[in-house]
Amino acid sequence: MSDFNIKVREEGDIIILETSGYLNNFGGDRVASICKQSISEGKRKLLINMENTKMVNSIGVSILIEVIEDLQGVNGTLGYYNVAPIIEKTFNIMGITNYSKIYTSEKAAIEALT
Amino acid sequence: MSDFNIKVREEGDIIILETSGYLNNFGGDRVASICKQSISEGKRKLLINMENTKMVNSIGVSILIEVIEDLQGVNGTLGYYNVAPIIEKTFNIMGITNYSKIYTSEKAAIEALT
Amino acid sequence: MSNPTVELTLPVMQDMELAATKTAEVIAKRMDLDGEKTDEISMALIEACINAFEHSKSKDNIFIQYIIDPEKLIIKVGDKGIGFDAEVVAIPKIVEKLNSDNKRGWGLQLMKELMDTVEFQSSEDGTTVTMTKNR
Amino acid sequence: MSNPTVELTLPVMQDMELAATKTAEVIAKRMDLDGEKTDEISMALIEACINAFEHSKSKDNIFIQYIIDPEKLIIKVGDKGIGFDAEVVAIPKIVEKLNSDNKRGWGLQLMKELMDTVEFQSSEDGTTVTMTKNR
Ligand SMILES: Nc1ncnc2c1ncn2[C@@H]1O[C@H](COP(=O)(O)OP(=O)(O)O)[C@@H](O)[C@H]1O
Ligand SMILES: Nc1ncnc2c1ncn2[C@@H]1O[C@H](COP(=O)(O)OP(=O)(O)O)[C@@H](O)[C@H]1O
């Protein structure tokens, strides 16, 4: 058992994943599989609301690099909002913020993608 | 250092203590000293909002028995609201709910005391 | 194979019992125990730890074991202190505590009410409380 | 007198690293470290623990020590595994990870960036990472 969960919803042509709990290897795999599914269905704009994820590990985050790679192939974009400071720092150290973007709010994220 | 804190306010003739953090021996002493002060100033109705106290220990709670004792001498009452289930269970096991009352909300508590 | 076991050693230091409860919470979640049982374990553990810190009169670290049994969580809290006889500790009563000088004495009672079993092994070399919570 | 020390032993089990972070949080609060430092310690500790669980290839428990020094928090994470040479681990780069099969390899880098010092002692009997965070 793990306490990780994802809810998915659509805002226009944007897919929003809302994660809760610890983003470890299992969590990362679940995020990636939903993202890959969306991409295969033609979606190009993905957002992750991380409000309820306070902890990650590098395995979980490294799986996001796969998603970024897949999106690069189809000219898509990945963004995040409600990111805890330590997770933002982790994203920066790993450099994934060079290829995906942290927004300050859902509103800002949706505006930027529309 | 301890992360325990108390804010005090008045609602009519009721003194409301809002605690936050772990109610241990130090926390209990601080609650008791504010209560004793209020009683000495003539207050007879005391309420504790425990919304931000998720943990107690038996030393902290046993100090509340002193407050109950002091209030008995002056026909006063002590009540609590927003009490976490485990704290309510602890109050019941110790029997202090026979001499002081847990209310379901601030509104219910204030209504009962006015 | 023996049961997975988490061990925690704590120095005698204000509020360190909270490290014991936080560890218990992670283990309880891993065991899929519900929130109510988890809270009961935490409260019992706080009492066992503060007793080991205070009454043992020892400055040695206290020692906690969490044994993840298929049927239950077993928790042992050990100190190297003076020991005591749990059989002779009086059951506390609120009516007697009111207007008495000693308002304390609730720890053992809380542990017994909150856990499924509680046992004390004590000698002049120290005390170990063993508590269990069934799944 | 020696520094107060908390010790934690964890079995190889999914998410047990969270017990290590929760314990670190209680200690950090006790030491009056701010939230930012506390989070950095937790993240580094997660990485050290998952390495000890995974790469050590050992089924033995891992061992964590938190030493509360007046100047800093010292954390040691030890395993009884196969060991490795931290000097030869390549520094990961996101450009190289994109379009590569191996997206991982970020743990050591994160520990180094998040803590004030990080040192590895490793042999074929196991590995101990020693990390410090200044007050
Ligand atoms: N670990 C221990 N070592 C020595 N004595 C203990 C220990 N735990 C409990 N006791 C004894 O049992 C008594 C009752 O403990 P308890 O019910 O927890 O209440 P309190 O801690 O408030 O006194 C204590 O006062 C103490 O004399
Ligand atoms: N405790 C350890 N025991 C053995 N090898 C280790 C240990 N920690 C790290 N390593 C080695 O160092 C490499 C880099 O580790 P790290 O930077 O954490 O990335 P990752 O865990 O994603 O591979 C690992 O792939 C492993 O070979």
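These figures come from a predicted structure and were not determined experimentally. Below, chain A is the first sequence line, B the second, and so on; all start at residue 1.
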**Request:** Let me know if B:K89 has heavy atoms under 4.5 Å from chain C in its side chain, its backbone, both or neither.
**Result:** side chain
**Request:** Using a cut-off of under 4.5 Å on heavy-atom pairs, state which of B:L64, B:I87, B:N98, B:V56 scores highest against chain C.
**Result:** B:V56
**Message:** Could you walk me through whether C:E54 and C:R104 satisfy the salt bridge (Lys or Arg N to Asp or Glu O under 4.0 Å) test, starting with their C-alpha distance in whole Å, then the side-chain angles of each, then the deciding distance to 0.1 Å, before giving a yes or no?
**Reply:** CA-CA 13 Å; C:E54 180 186 10; C:R104 290 188 45 187; 2.9 Å; yes
**Complete:** Whatever's closer than 4.5 Å to a heavy atom in chain B on C:L98 counts as both
**Message:** Testing the 3.5 Å rule here: is there a donor-acceptor pair between the side chains of B:N25 and B:N57?
**Reply:** no
**Request:** Below 4.5 Å from any heavy atom of chain B, which atoms of C:E47 appear? Answer side chain, backbone, both or neither.
**Result:** side chain
**Request:** Could you look at C:T38 and say if it's the side chain, the backbone, both or neither that has a heavy atom under 4.5 Å from chain B?
**Result:** neither
**Request:** Look at the side chain of C:K103 and the backbone N and O of C:S100, then say whether any donor-acceptor pair between them is shorter than 3.5 Å.
**Result:** yes
**Prompt:** Which distance, rounded to the nearest 0.5 Å, do you find between the CG of B:L23 and the CZ of B:R30?
**Reply:** 10.5 Å
**Prompt:** In terms of heavy-atom proximity below 4.5 Å to chain C, should B:E66 be classed as side chain, backbone, both, or neither?
**Reply:** both
**Request:** Would you confirm whether C:R135, through its side chain, and C:M31, through its main-chain N or O, come within 3.5 Å as a donor-acceptor pair?
**Result:** yes
